[in-house]
Amino acid sequence: MSTLITRNEIEDLCEGELQSKFSALMNDLVRTQSMETQRLMALASLETVEAELHRKRALRSRYPSPRF
């Protein structure tokens with residue numbers, strides 16, 4: 001992955017999609033250990049995806065879905 005992922009790109013993704021992106025980014029980090037620029041982009045994107053996962057989980061626990 002050579003582009004930076006922004007919060008705007010991922011804020012509408014569900015947790016499963018975010019988790020999938022997170023896993024792919026972790027794989028990119030392992031694969032790009034010797035490629036500094038791609039590694040920095042992967043690290044920054046990883047932080048963005050992780051922050052969005054935490055935000056969604058916090059919102060879900062703060063505002064649980066109504067049960068019928």
Side-chain angles (χ1 to χ4, degrees):
M1 184 171 289
S2 60
T3 61
L4 180 65
I5 296 173
T6 65
R7 183 167 171 245
N8 285 345
E9 293 176 78
I10 62 172
E11 66 185 350
D12 293 330
L13 298 180
C14 70
E15 281 191 43
E17 291 167 315
L18 288 168
Q19 193 62 49
S20 177
K21 270 202 189 301
F22 188 88
S23 295
L25 288 164
M26 290 296 287
N27 288 336
D28 283 351
L29 284 178
V30 170
R31 188 177 46 78
T32 61
Q33 286 181 7
S34 64
M35 297 177 266
E36 191 65 26
T37 301
Q38 284 109 340
R39 187 167 172 78
L40 290 174
M41 290 292 223
L43 280 169
S45 294
L46 189 62
E47 287 180 14
T48 302
V49 172
E50 187 175 36
E52 185 63 14
L53 268 170
H54 289 303
R55 188 183 77 82
K56 285 191 184 300
R57 289 175 181 160
L59 284 175
R60 188 180 65 219
S61 66
R62 196 175 301 161
Y63 305 106
S65 300
R67 296 183 182 182
F68 298 97

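Atom set for the values below is all heavy atoms of this structure, side chains included, hydrogens, waters and symmetry mates excluded.
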Student: Going by salt bridge (Lys or Arg N to Asp or Glu O under 4.0 Å), name the residues that satisfy it together with E17, two or more places apart in sequence or in a different chain.
Tutor: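 Partners of E17 by the salt bridge (Lys or Arg N to Asp or Glu O under 4.0 Å) criterion come out as none, since no residue qualifies.
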
Student: Please round to the nearest 0.5 Å and tell me the distance separating atom CD1 of I5 and atom CE of M41.
Tutor: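 The CE atom of M41 is 10.5 Å from CD1 of I5, to the nearest 0.5 Å.
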
Student: Just jot down the side-chain contact (heavy atoms from CB on, under 4.5 Å) partners of E11, sequence neighbours excluded, or say none.
Tutor: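 Listed in chain order: R7, N8, E52, R55.
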
Student: Would you name the heavy atoms of S61 and A58 that are closest together and state the gap between them?
Tutor: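 Shortest heavy-atom contact: OG-O, 3.0 Å.
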
Student: Only counting residues at least two apart or in another chain, list the ones meeting side-chain hydrogen bond (donor to acceptor under 3.5 Å, both in side chains) with T6.
Tutor: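 side-chain hydrogen bond (donor to acceptor under 3.5 Å, both in side chains) list for T6, sorted by chain: E9.
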
Student: Please enumerate all residues that pass side-chain contact (heavy atoms from CB on, under 4.5 Å) together with L29, with sequence neighbours excluded.
Tutor: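 M26, R39, A42, L43, L46.
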
Student: Supply the atom-to-atom distance T48 OG1 to F22 CZ, rounded to the nearest 0.5 angstrom.
Tutor: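 If I round to the nearest 0.5 Å, the distance is 11.5 Å.
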
Student: If you measure from CD on E47 to CG on L25, what distance do you get to the nearest 0.5 Å?
Tutor: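 Answer for the CD-CG pair, E47 versus L25, is 11.0 Å.
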
Student: With a 4.5 Å limit on heavy-atom distance, are the side chains of K21 and L18 in contact?
Tutor: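 Of all side-chain heavy-atom pairs linking L18 with K21, none is under 4.5 Å.
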
Student: How would you list, by chain and number, every residue that makes a side-chain contact (heavy atoms from CB on, under 4.5 Å) with R57, sequence neighbours excluded?
Tutor: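 So R57 forms a side-chain contact (heavy atoms from CB on, under 4.5 Å) with E15, Q19, L53, R60.
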
